[in-house]
Structures are given as structure tokens and as C-alpha cells.
Amino acid sequence: MFRFDPTFLKLQKLIRMGEAGQSRDGVSVTPLVGGGTGDNAVAPQVFNSLPALNEAASYITQATSYLGSCFSDYSVEYGGKDSCNSISHPHELIRSTSGVDGNSPVSVCISPGERFSTSSEASTSAANSPSRESTETLPQATNAIVTSNRLGFNGISMFQGLIERARRTVRGSADDIGWLQRDPEMPPVEDGTERFNKILEDIGHGVHRLPNTVVYLLVPGLFSNHGPLYFVDTKTKFSKMGLACHIAKIHSESSVEKNAREIKEYIEELCWGSNKRVLLLGHSKGGIDAAAALSLYWPDLKDKVAGLVLAQSPYGGSPIATDILREGQLGDYVNLRKMMEILISKVIKGDIQALEDLTYERRKEFLKNHPLPRELPTVSFRTEASISPAVLSTLSHVAHAELPLTNQAAKLPVVMPLGAAMAACAQLLQVRYGEKSDGLVTCCDAEVPGSVVVRPKRKLDHAWMVYSSLNEVALEADAAQVCEALLTLLVQVEEEKQQKLATKND
């Protein structure tokens, strides 16, 4: 803003006289705006004699250019018909008011490369030579237009970028959840819940049908290296039944492809040592790693693997991982990605790609290039976590501590409120996306296309499958029994596939 001084008031008087068609000496002159004809009726853009006015006009030019660009779809017309030929480009004409009463117009008609006449020059020249307009070329006018146009376009781009970022943040993973079911190229699933419930009931009555002619390989999920009791209870109970059961010793925080290669070597070693085929059960990311091993190395493993169970695995992707790592999502606003990089890379010496491989983008790309073999017998298991207040008191036994007391070491359980954490995540996914989940994986993303899907009614969170709870209900099946039922169902599916193949060949 600037302060009006006597010099400006004199200039204002000259402008009014110019609009009235008279000079100071009473000689008729061409009006400043709307009174000329053709392209010669132009107005001043800059005031060389008054830097304050020049600065104000420049600011108004830039502001009007930006606003005009935002509404460039609308045709704008100022002044009379001959004023700048009724231009339709709003950034080419700027009108402002000046003076004490605010009604004195100061008009600027800008067109790159044209000549410009100022009000002071018009009035002075009219007194000396009424038939001739005083004009001069102002190169800075063109520069002002280029600058203002660039400012307008940059402003629009910035505004559109903010809108797009807000849209991505609000939508999150809503467009990705359940993409497996919407893909027409994916094979349909088969519901095996009733068969599973029957098998689980028989196991509760002491009927076990798992054969000892195969080797059972349990593949743990993300962060399993820091959970000493991950799958330990299941392995112990399988061993008591006389079954050969192993837990894959992989670095769970490594990338999917790296773990897939290690699992391949693990399978080949087990087959070579036992001369038996392998049944795999992978939990969470472990199921993704195991499936990747079979997808990438199927020609080498098809005679060594009898089937695969994916328990609570984000086969389609994880909204939690995606919202943390995807640009423009909630993780960007609280630096969750940076925190996860520090946690995985620095603290637990892992690879951030382990988490990136669970995002929807990576899963879509991988499954497009390396689909699961159609002839592989597959069972997928998905659950829904409870979000009732009762889960707040649920404690999971994740490790034990040994305390030396006299001649024996006392073992104390190390517990964590994993049930409460899973319930909080499940509530978040339910509120934001309207999707049911086990706390980390939505139900629809855990159903593997072409597999036999088990959908239990019992509320089970993501950690329940591998860590026993201190307040288990005695009459309900534990995690080891559920794993046994899933593998038993897989054996049945494998036998059915073999029968169909034999019938087809006959």
C-alpha cells in the first residue's frame, strides 16, 4: 500500500481530464479507456515517475493474472467494445481504482509485444500535439506478462497438487482393497469352511489324520526372528504325534524374493534328507514368502511340494503397509516411513523392502509376473479380529525369561497385549475402509484366488495363530489344532487334485 501525495493528486487530475477528453489547456484529447479506436486505445501499465505506483500496478498485474488463469474458461470483457478489442484473456487487462474516493479508474491493457501509452504521456502529448499519441516500447511489460503467467500456472499446479494429495489421503487404500476379487483373470475360490469345521471337531475328539509320509515346514512371518515362541507350540505338538515338522530359519525382515530363494533351498534340503515331499504352512508374510518360492522356482519344486497353506497372509497386499509407505498417505504426515526405516534397517538389521513387498503396488506387480501355479493344491485361511472391550485384557505369551534360582532356572512368561493392539488396528480399518480384518490383513486380501478358503466364525486376531494366549478357553481349539486342521484339509485337497488328474489322463 502507498500513501497519496500531492504529486499523485495532480496525476489523478490529469487522468480525469484525459477521460473527459480535455487537456489542461482545454484541448481535446483521446480518452484514456474506451474512447479510442482500434489497437491504439491502450492504457498505461507502469508509472515510471512514481515507483510506488509502479510496484502497486505490478502486484495487481500478478494477482489478476493468477485469478484470471484460475477461471480461464470464462470470457472476460472490460470497458467498451474497442478497449483492447474486447479481449477474452483476463490476464491481458487489469483495472484498478486509485485516489481518495476510490472511483478514479487506472486501466492497464497488456498484450505482449505491443506499444503502451501512459496517462501522463497522453495528456502532455495532447497539449503539444493533439493529433499524435506518445508511445514507447516497454520490454518489461512482456517480462511482466511472462512472469505473471508463470505465477498463475505455478499457482494452479500447486493448488491441483494439494487437491490431489488430499484426495489420495482421504481415499487411502480404498481402491486397492479386494482387487483380487475384482480381477476377472483371477480364478475363483472354493469355500472349505464346513469341511474345516468337521476336521477340527474330529481333532478335538482325538482323531488325527495327518500322514507321516510328508515333511511339514512352517514358515514364520514378519519380525518372527524376535519372537522366540513363534510356531514353537505347534511344532512341539506335531513332534509328539510323530510327524516331521520344521520351522524355516529365515530372516523374516528380508525381501520376499530373498526369502523365496532361502525357502527353495530349505525344501530341497528336506527332500534330499528325508526322500519325502513337503507340505508348507506360512503365516502372514511367511505365506507370501512360501508362495513366492513356488511361483519363482516351480519347475524345480513341483515334484518336491505337496501343497501350501497361507494363514492370514496379505496375498493381495496390506492396507497397513501401504498407508505407511505410500506417498501422500497418513504415514507422510507423521514420518512413519522414516520411523519404519530406522526400526527395520538400524534396530533389527532388516530390509525396508520386506515391508514394501506387502504394499498393493508391489503385490500387483509380483502376481502379474509370477502367478501361483494353478495345479498347486492351496488352502487360504482368513479371520476377523474381535474389537470388543474384552480383548483389552488378553495377553499373548511371546517369550520366556529364565531367572537363576538356587540350582534350577525359573522360567517366567513374557507377555504382551497383542490382542489389544490388533483390536485397535482392526477398529481403524473398519472405521476408515469399512473392511473386516484380523488387525493387519483384510479378509478379502487374505483369500488366495483358486484356493480353498476357510472363513471361521470365531474371532481370531493376527497374532493368535502363532502366540498362545494366557486366558484361552479350554473347550475351544488352540492354534496348533487349527494348523493341524488346515494341513489336513490341504491333504484332502491334494488327494482330490490327484484323482481328477488321474481321471483326466484316463
Side-chain angles (χ1 to χ4, degrees), residues 215-236 245-273 278-298 300-301 304-305 308-315 317-318 320-322 324-325 336-359 361-363 365-367 370 372 396 398-400 414 416 418 440-441 446 462-463 465-467 479 483:
V215 178
Y216 300 91
L217 180 61
L218 308 177
V219 185
L222 197 63
F223 306 127
S224 61
N225 299 93
H226 307 278
L229 299 183
Y230 206 111
F231 269 143
V232 169
D233 188 53
T234 300
K235 180 181 181 297
T236 301
C245 184
H246 301 267
I247 299 176
K249 301 300 182 181
I250 61 174
H251 197 279
S252 61
E253 291 82 36
S254 296
S255 65
V256 168
E257 293 191 5
K258 182 178 184 298
N259 283 345
R261 185 168 56 253
E262 294 183 3
I263 293 172
K264 170 188 176 287
E265 297 173 354
Y266 221 106
I267 293 173
E268 292 175 335
E269 182 179 348
L270 291 176
C271 291
W272 181 81
V278 178
L279 280 178
L280 294 96
L281 188 151
H283 175 254
S284 190
K285 182 177 177 288
I288 304 299
D289 294 338
L294 300 180
S295 299
L296 294 171
Y297 307 106
W298 183 241
D300 299 328
L301 300 177
K304 301 178 178 67
V305 174
L308 169 66
V309 175
L310 296 97
Q312 300 175 318
S313 297
Y315 191 75
S318 168
I320 299 294
T322 303
I324 290 176
L325 300 180
L336 277 182
R337 180 185 177 90
K338 189 64 176 180
M339 294 169 58
M340 293 302 298
E341 287 180 354
I342 295 175
L343 173 64
I344 295 178
S345 303
K346 305 298 183 182
V347 179
I348 61 181
K349 307 301 180 182
D351 188 352
I352 188 62
Q353 189 174 343
L355 191 61
E356 291 176 347
D357 287 342
L358 302 182
T359 61
E361 288 83 357
R362 292 293 182 89
R363 291 305 299 159
E365 180 182 359
F366 185 88
L367 293 179
H370 310 288
L372 202 62
S396 299
V398 298
H400 59 263
V414 177
M416 294 182 64
L418 295 181
L440 297 180
V441 182
H462 194 78
M465 281 290 296
V466 290
Y467 293 121
C483 290

Going by heavy atoms in the side chains, are Cys245 and Leu218 under 4.5 Å from each other? yes
Gap between atom OH of Tyr230 and atom CG of Leu222 - 0.5 Å precision: 8.5 Å
Below 4.5 Å, heavy atoms only, C-beta onward: do Gln353 and Arg362 meet side chain to side chain? yes
My understanding is that only residues two or more places apart in sequence, or in another chain, count here; which of them pass salt bridge (Lys or Arg N to Asp or Glu O under 4.0 Å) with Glu365? none
Can you find a pair of side-chain heavy atoms, one from Val441 and one from Gln312, that are under 4.5 Å apart? no
Which atom pair, heavy atoms only, marks the closest approach of Phe231 to Cys483? CE2-SG, 4.3 Å
Which residues share a side-chain hydrogen bond (donor to acceptor under 3.5 Å, both in side chains) with Lys264, sequence neighbours left out: Glu268
Applying salt bridge (Lys or Arg N to Asp or Glu O under 4.0 Å) to Lys304 and not counting sequence neighbours gives none
Please report the closest heavy-atom contact between Leu296 and Ala260, naming both atoms and the distance. CD1-CB, 4.1 Å
Any donor-acceptor N or O pair under 3.5 Å, side chains His246, Tyr266: no
Does Ala291 have any side-chain contact (heavy atoms from CB on, under 4.5 Å) partners at least two apart in sequence or in another chain, and if so, which? Leu308, Leu310, Tyr315, Leu372
Please say which of Ile247, Val278, Leu281, Leu279 ends up in a side-chain contact (heavy atoms from CB on, under 4.5 Å) with Leu217. Val278
At their closest point, which heavy atom of Val219 faces which heavy atom of Gly286, and how far apart are they? CG1-O, 3.4 Å
Test of understanding: with side-chain hydrogen bond (donor to acceptor under 3.5 Å, both in side chains), list the residues that count as partners of Glu269, not counting sequence neighbours. none
To check you understand the geometry: which heavy-atom pair defines the closest contact between Pro314 and Arg363, and what is its length? O-NE, 4.0 Å
With sequence neighbours excluded, tell me which residues meet side-chain hydrogen bond (donor to acceptor under 3.5 Å, both in side chains) with Ser284. His462
Nearest 0.5 Å please: distance from the CD1 atom of Ile320 over to the CG atom of Leu325. 11.0 Å
Report the distance from atom CD of Glu253 to atom CG of Leu355, rounding to the nearest 0.5 Å. 10.5 Å
Do the side chains of Glu265 and Arg261 get close enough for a salt bridge, i.e. N-O under 4.0 angstrom? no
Steps toward side-chain contact (heavy atoms from CB on, under 4.5 Å) verdict (Leu280, Val305): CA-CA 8 Å; Leu280 294 96; Val305 174; 3.5 Å; yes
For a quick test of reading the model, state the closest non-hydrogen atom pair linking Ile263 to Ala290 and the distance between them. CD1-N, 3.7 Å
Interatomic distance, Ile288 atom CD1 to Lys285 atom NZ [nearest 0.5 angstrom]: 9.0 Å
Side chain of Thr236, backbone of Val232: donor and acceptor closer than 3.5 Å? yes
Test item: Thr322 and Glu361 side chains (from C-beta on) under 4.5 Å apart, heavy atoms: yes
Could you report the tightest heavy-atom contact between Ser313 and Gly287, atom names first, then the distance? OG-CA, 3.4 Å
Whether Asp289 side chain and Asn259 backbone form a donor-acceptor pair below 3.5 Å: no
